[in-house]
Enquirer: 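Just passing along the structure, written as structure tokens.
Hydrogens, waters and symmetry mates play no part in the numbers below; they use all other heavy atoms, side chains included. Positions are given from 1, in the same order as the sequence printed here.
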Amino acid sequence: QVQLVQSGGGLVQAGGSLRLSCAASGSIFSRSAQGWYRQAPGKQRDLVAALSSGGSTNYADSVKGRFTISRDNAKNTVYLQMNSLKPEDTAVYYCNVVYLGYTSWGQGTQVTVSS
């Protein structure tokens with residue numbers, strides 16, 4: 001496992017944008033897969049976006065065309081750019097990294113989108 005520290009999030013009006021960041025404790029992103037998940041109260045944690053070590057991406061249908069996952073290996077950081085936000089995007093967002101057979105999670109950050 002690696003340590004992940006998230007930043008970003010907050011309150012935004014519908015149609016606005018936010019960028020979430022997730023910094024890892026080591027230079028491991030080039031040999032790992034990264035993802036962003038979200039969990040609303042009383043709901044399961046669902047995959048939002050994923051980025052493989054080879055650079056391929058995968059998005060939930062509900063966010064395609066609006067969210068973008070990216071990484072900066074030099075900064076050991078993965079990002080989630082969220083545009084055209086909707087009230088239904090409101091949730092706690094978590095980053096994760098799969099490295100050497102272990103899954104690590106960030107602490108989570110609240111994203112609230114008002115109508």
Enquirer: Got S17 and Q81 here, is their nearest side-chain heavy-atom distance under 4.5 Å?
Expert: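 Yes. Closest side-chain heavy atoms under 4.5 Å.
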
Enquirer: With heavy-atom distances below 4.5 Å as the criterion, would you say the side chains of V78 and W36 are in contact?
Expert: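 Counting from C-beta outward, V78 and W36 do come under 4.5 Å.
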
Enquirer: To the nearest 0.5 Å, how far apart are OG in S21 and NZ in K75?
Expert: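 Here the interatomic distance stands at 9.0 Å.
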
Enquirer: Within the side chain of Q6, is there an N or O that forms a donor-acceptor pair under 3.5 Å with the backbone of G108?
Expert: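 At least one qualifying donor-acceptor pair exists.
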
Enquirer: Centre of Y79's six-membered ring, under 6.0 Å away, within 45 degrees of the axis: is that where NZ or CZ of R19 sits?
Expert: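 Yes, R19 sits over the ring of Y79.
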
Enquirer: Can you name the nearest heavy-atom pair linking G8 to T109, along with the distance?
Expert: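 Closest pair (atom of G8, atom of T109, distance): O-OG1, 3.0 Å.
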
Enquirer: Looking at side-chain heavy atoms only, is the closest gap between V63 and R38 below 4.5 Å?
Expert: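 They are in side-chain contact.
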
Enquirer: Has N96 got a side-chain atom pairing as donor or acceptor with G35's backbone, closer than 3.5 angstrom?
Expert: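 Pair found, side chain donor or acceptor close to backbone of G35.
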
Enquirer: State, yes or no, whether a side-chain contact exists between R31 and S53 at a heavy-atom distance under 4.5 Å.
Expert: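 Not in contact.
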
Enquirer: Are any non-hydrogen side-chain atoms of Y102 and V97 less than 4.5 angstrom apart?
Expert: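 A side-chain contact under 4.5 Å is absent here.
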
Enquirer: Measure the acute angle between the ring planes of F67 and Y93, then classify it against the limits of 30° and 60° as parallel, tilted or perpendicular.
Expert: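 If you compare the ring of F67 with that of Y93, the planes turn out tilted.
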
Enquirer: Who pairs with R66 by salt bridge (charged side-chain N to carboxylate O under 4.0 Å, His left out), at least two apart in sequence or on another chain?
Expert: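 R66: salt bridge (charged side-chain N to carboxylate O under 4.0 Å, His left out) contacts with D89.
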
Enquirer: Would you name the heavy atoms of L85 and L18 that are closest together and state the gap between them?
Expert: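 What the structure gives for the nearest pair is CD1-N, 3.9 Å.
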
Enquirer: When you measure from the side chain of S25 to the backbone of Q3, do you find a donor-acceptor pair of N or O atoms at a distance under 3.5 Å?
Expert: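 A pair under 3.5 Å: yes.
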
Enquirer: With rounding to the nearest 0.5 angstrom, report the CG to OG1 distance, L20 to T77.
Expert: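 Between L20 CG and T77 OG1, I get 12.5 Å after rounding to 0.5 Å.
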
